[in-house]
Protein chains: 2
Amino acid sequence: MDVLEKILENNNIKPTAMRLLVLQFLLNRKVATSLTDVENYFAKSDRTTLFRTLKTFVEKGISHKIDDGTGITKYALCEDNCHCEIDTDLHLHFHCTKCNETVCITEYKIPPIHLPKDYTAENVNLVVKGICDKCNSK
Amino acid sequence: MDVLEKILENNNIKPTAMRLLVLQFLLNRKVATSLTDVENYFAKSDRTTLFRTLKTFVEKGISHKIDDGTGITKYALCEDNCHCEIDTDLHLHFHCTKCNETVCITEYKIPPIHLPKDYTAENVNLVVKGICDKCNSK
DNA sequence: GTAAATAATGCACTTCCGTTGCATAGGGCA
DNA sequence: TGCCCTATGCAACGGAAGTGCATTATTTAC
């Protein structure tokens, strides 16, 4: 059986043609992807379908939403060693203001956050903006 | 001269009636404020004017934009001991998922962020979601 | 003081993105 | 084959940010 199909079925997602294509697209991209990105790539398909496909991926846990401060929701598949889908994990995302791409940086961990008394943390979103490695080496 | 006027004039903002009112409103609120919040409070005024007032405040440096992950842009005046308007400062914002309010937490600093090679950080946005002190003590 | 210039305000409208409702198509199963 | 459930596609909605332009207010020049 196809690797892509396996990924979907392992997460209780019926492997339709569209979903396999979107999954492959996300796998090939190393950066966080917006609905519009997917939409532009699959010009033939409907936005709603793609929207719901991404939503399904998030709900089933093979992808996670990223809020990188641009106001546009991004999606990224978690790598094997990335546990971004777990609420208690600390997400570190880097948004390059030059190429406008957002990447999930998994190799550097976020130090624990200290909060004032009586505050309870459920989720942490850390977005660093700046220039990415590719743009810096140009 | 009025304190409010002084604040505006010190930052090269012409102190119009509307701006003074918005400034006062922001001063009284201890939490981050969205355009809609201001709009609802000043029902008589036009949204565009309020939008541009907030924009002016940000441009002139007496307020800063907050992206708390709700998708709605918030604004907050910096307190005297808060340097949120400077790019190099590390912003820590707390969004309560119960009362839906976002506050600027200035008393706890963010540890320095380590990035992979060739990444340059210009700005850091850290949003912690959870339950705030008020909601926790209810 | 009047006129011209500049800035602020208000209204209308646009755009963008996320989202939902509903009808249709497709695939699995009795 | 026929039924059912899910996925898909089309249309439309809604919220929020933002823009263009005419009007009003305020400052500046004469």
Side-chain angles (χ1 to χ4, degrees), chain A residues 1-2 4-5 7-9 11-26 32-60 62-76 95 100 102, chain B residues 1-2 4-5 7-9 11-26 32-60 62-76 95 100 102:
Chain A
M1 191 198 287
D2 188 26
L4 297 174
E5 280 191 47
I7 296 175
L8 294 183
E9 300 211 326
N11 290 275
N12 288 314
I13 305 172
K14 208 181 287 181
T16 66
M18 202 66 246
R19 286 172 178 171
L20 289 167
L21 288 171
V22 173
L23 177 59
Q24 186 162 46
F25 178 61
L26 291 179
T33 305
S34 70
L35 173 58
T36 307
D37 292 334
V38 187
E39 198 186 344
N40 290 338
Y41 188 79
F42 297 105
K44 298 277 177 58
S45 185
D46 186 71
R47 213 160 55 106
T48 313
T49 304
L50 300 171
F51 168 70
R52 284 196 265 239
T53 299
L54 294 172
K55 195 181 169 190
T56 302
F57 284 4
V58 172
E59 284 167 358
K60 298 296 186 179
I62 64 171
S63 174
H64 65 275
K65 265 183 161 182
I66 299 174
D67 167 37
D68 62 4
T70 60
I72 295 164
T73 305
K74 304 278 171 64
Y75 301 86
H95 176 75
N100 225 31
T102 301
Chain B
M1 190 199 285
D2 189 26
L4 298 174
E5 280 190 48
I7 295 175
L8 293 183
E9 300 212 327
N11 290 275
N12 288 313
I13 305 172
K14 210 180 286 180
T16 66
M18 201 65 245
R19 286 171 178 173
L20 289 168
L21 287 171
V22 173
L23 177 59
Q24 186 163 46
F25 177 61
L26 291 179
T33 305
S34 70
L35 174 58
T36 306
D37 292 334
V38 186
E39 198 187 346
N40 290 337
Y41 187 79
F42 297 105
K44 299 277 177 56
S45 185
D46 186 70
R47 217 183 61 243
T48 312
T49 304
L50 300 171
F51 168 71
R52 285 195 266 239
T53 298
L54 294 172
K55 195 181 169 191
T56 303
F57 284 4
V58 172
E59 285 168 358
K60 298 296 185 178
I62 64 171
S63 174
H64 64 274
K65 266 183 161 182
I66 299 174
D67 166 37
D68 63 4
T70 59
I72 295 164
T73 305
K74 303 279 170 63
Y75 301 85
H95 177 75
N100 225 33
T102 300

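Below, chain A is the first sequence line, B the second, and so on; all start at residue 1.
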Practice task
Please report, rounded to the nearest Å, how far the P atom of dT9(C) is from the CD1 atom of Ile13(B).
Solution key: 11 Å
Completion exercise
Here the distance between atom C1' of dA16(D) and atom CG of Asp46(B), to the nearest Å, is 14 Å
Exercise for the section: Give the rounded distance in Å between these two atoms: CD1 of Ile72(B) and P of dT19(C). Expected result: 12 Å
Fill in the blank from the handout: On DNA chain D, more 5' by nearest nucleotide between Ala17(A) and Arg52(B) is Ala17(A)
Practice task
Answer with base, sugar-phosphate or nothing: what part of the nucleic acid does Thr16(B) contact at a heavy-atom distance below 4.0 Å?
Solution key: sugar-phosphate
Exercise for the section: For Arg47(B), answer base if it contacts any base atom (sugar-phosphate contacts may also be present), sugar-phosphate if it contacts only those atoms, and nothing otherwise; contact means non-hydrogen atoms under 4.0 Å. Expected result: base
Handout entry: Length of the line joining Lys60(A):NZ and dT6(D):P, which is rounded to integer Å
Key = 10 Å
Practice task
Taking only the side-chain heavy atoms of Lys14(A) (C-beta and beyond), determine which of dA7(D), dG18(D), dA8(C) contains the nearest atom.
Solution key: dA7(D)
Practice task
Could you state the atom-to-atom distance from CG of Leu23(B) to P of dA8(C) in whole Å?
Solution key: 15 Å
Handout entry: Interatomic spacing from CG in Asp2(B) to CG in Leu4(B) - rounded to 0.5 Å
Key = 4.5 Å
Problem - Between dA7(D) (P) and Glu59(A) (CD): distance, integer Å - result: 11 Å
Exercise for the section: Have a look at Ser34(A) and say if it touches a base, only the backbone sugar-phosphate, or nothing, with a 4.0 Å heavy-atom cut-off. Expected result: nothing
Problem - Side chain of Thr49(A) (C-beta onward), nearest among dG18(C), dT8(D), dT9(C) - result: dT8(D)
